[in-house]
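Notes for the one structure printed next.
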Protein chains: 2
Amino acid sequence: MPDIKHFDPDNALERAERLFWQHGAAKASIQAVTVATGLNRSSLYTTFGGKRELYMAALRRYVRHRSWPAQRRLAEDGRGLPAIRDFFTALIAARCSGEHAGWGCMIVNAHVDGAHTDPEIRALLDEHHRQLRDALHAALETAVEQGQLSPGLATEATAEALVLLAYGVNVRSRTGAAADSLLDTVTATLGLLDGACP
Amino acid sequence: MPDIKHFDPDNALERAERLFWQHGAAKASIQAVTVATGLNRSSLYTTFGGKRELYMAALRRYVRHRSWPAQRRLAEDGRGLPAIRDFFTALIAARCSGEHAGWGCMIVNAHVDGAHTDPEIRALLDEHHRQLRDALHAALETAVEQGQLSPGLATEATAEALVLLAYGVNVRSRTGAAADSLLDTVTATLGLLDGACP
DNA sequence: CCGGTCCTGGAATGGCCGTTCCAGGATAGT
DNA sequence: ACTATCCTGGAACGGCCATTCCAGGACCGG
């Protein structure tokens, strides 16, 4: 009996995600979302609720479609250090070239955008942080098991340091930093791991 | 002949700086600045120009009053690694406790706030980045000279990596991350440096 | 074909935004 | 004391913001 939606909600959410990702929650207006999606205000509000809910949904979509795949690839890659290197290589490529170059990471952007005020966003960011750290920690443990790293390495703290390094890459990429330079930086860091004395 | 200003411009600028620092350029309104400073709109506009100029002035003041002192302390400290450690310790203390806890770093925030659109901001961020990297690089060179680090260390890339680590600390501190955890992370990273094989 | 249900388009609303303007008052040199 | 100069206060402006509302039309089961 009911009418049916004349558009694909997830497709619209992707447009909104891109807008919030690139311009931030404050500067991306509902009007801009309607233009980007081709939807009417009414459809947006009945489908997603207000702007806050729309931003949260977009942020969750970003995590689901952008962060999780990369984290899973890292977590399921059994090669240890090379897996970590590939993770960073792909990260830098995504940040410095292609359609989303200079947009940074929506998760990192959200730290500045809304973490200070909104507890729900903060919880999401904390969970994402924990997951990425765990994935990197697993890769480091694998590297230790395979003899690529010294058994005495503080893998937890090192994993945390690599997460912060990734955040730094994301921050710098917002100014259009060169991929070469970022790659050198990551290489140097992983080189430190490699060369650590037992 | 002229009348004289009935307020201290730099004092007003400091209030504006704090507002922009904490809430970001987009969410801090001129109205909020007038309340925080006690000034009238007219005085703000005749003294600083529009909002963009006010934000730029606040950002410059932040660099001058917050970043430069820490960088100078680091650059003039001749102890090598301990100087770097102290730099990070002070950074984390400033980010996680006291009046500005949870505000992050205004420079890093500006990467998300306005780097994408405004070339002038971008130039400022690039210059700040270069200066911090140079200061860390000098400290690393000192550490190598004093035998604290292996002569083969790639000091430039390592300095860049430390800058990105600092950015990561600033990002995470926006969610109220624990100082202990951040300190452990920094300790682990500096430990990697320390233990690098010659 | 028909009816109830829901989606859609567009206008309307109140509020806050950044910015400007002008009259009035304080100031400092003459 | 006079006057030219500049600062100050407050009102006013147009524009965009997020949000709401309602009428009209599209759909799907019967």
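Per chain, numbering begins at 1; letters A, B, ... match sequence-line order.
Pairs passing the salt bridge (charged side-chain N to carboxylate O under 4.0 Å, His left out) check and including a residue from residues 18-35 of chain A, sequence neighbours excluded, read Glu14(A)-Arg18(A), Arg18(A)-Glu99(A).
Alongside Val63(B), the hydrophobic cluster contains Phe7(B), Leu13(B), Leu19(B), Phe20(B), Trp21(B), Ile30(B), Val33(B), Leu39(B), Leu44(B), Tyr45(B), Phe48(B), Leu54(B), Tyr55(B), Met56(B), Leu59(B), Tyr62(B), Trp68(B), Trp103(B), Met106(B), Ile107(B), Ile121(B), Leu124(B), Leu125(B) (criterion: ILVMFWY side chains under 4.5 Å).
Atom-to-atom, CD1 of Ile4(B) to P of dC7(D) comes out at 10 Å; the value is rounded to the nearest Å. Separating the NE2 atom of His6(A) from the P atom of dA26(D) is a distance of 9 Å, rounded to the nearest angstrom. Atom NZ in Lys5(B) sits roughly 14 Å away from atom P in dA28(C) (whole-Å rounding). Separating the CG atom of Leu44(A) from the P atom of dC6(C) is a distance of 20 Å, rounded to the nearest angstrom.
Remark: Arg174(B) pairs with no residue by the salt bridge (Lys or Arg N to Asp or Glu O under 4.0 Å) rule, at least two apart or across chains. The side chain to side chain donor-acceptor pair (under 3.5 Å) test applied to Arg52(B) returns Asp118(B), Glu120(B), not counting sequence neighbours. In this structure, the side chain to side chain donor-acceptor pair (under 3.5 Å) partners of Asn170(A), at least two apart in sequence or on a different chain, are Arg95(A).
Less than 4.0 Å separates DNA chain C from no heavy atom of any residue of residues 109-121 of chain B.
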Once base and sugar-phosphate atoms are separated, protein heavy atoms under 4.0 Å mark nucleotides 9-20 of chain D, 5' to 3', with B, S and - as BB------SSBB
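A salt bridge links Arg79(A) with Asp86(A): the distance from a Lys NZ or Arg NE/NH1/NH2 to an Asp or Glu carboxylate oxygen falls below 4.0 Å.
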Taking distance alone, no hydrogens or angles, what donor-acceptor pairs closer than 3.5 Å link side-chain atoms of residues 181-188 of chain A to residues at least two apart or in another chain?
residue   : atom : partner   : partner atom : Å
Thr185(A) : OG1  : Ser181(A) : O            : 2.8
Thr187(A) : OG1  : Arg85(A)  : NH2          : 3.3
Thr187(A) : OG1  : Leu183(A) : O            : 2.8

Check: residues 132-139 of chain B side-chain donor-acceptor pairs under 3.5 Å, at least two apart:
residue   : atom : partner   : partner atom : Å
His137(B) : NE2  : Glu141(B) : OE2          : 3.4
His137(B) : NE2  : Thr155(B) : OG1          : 2.9

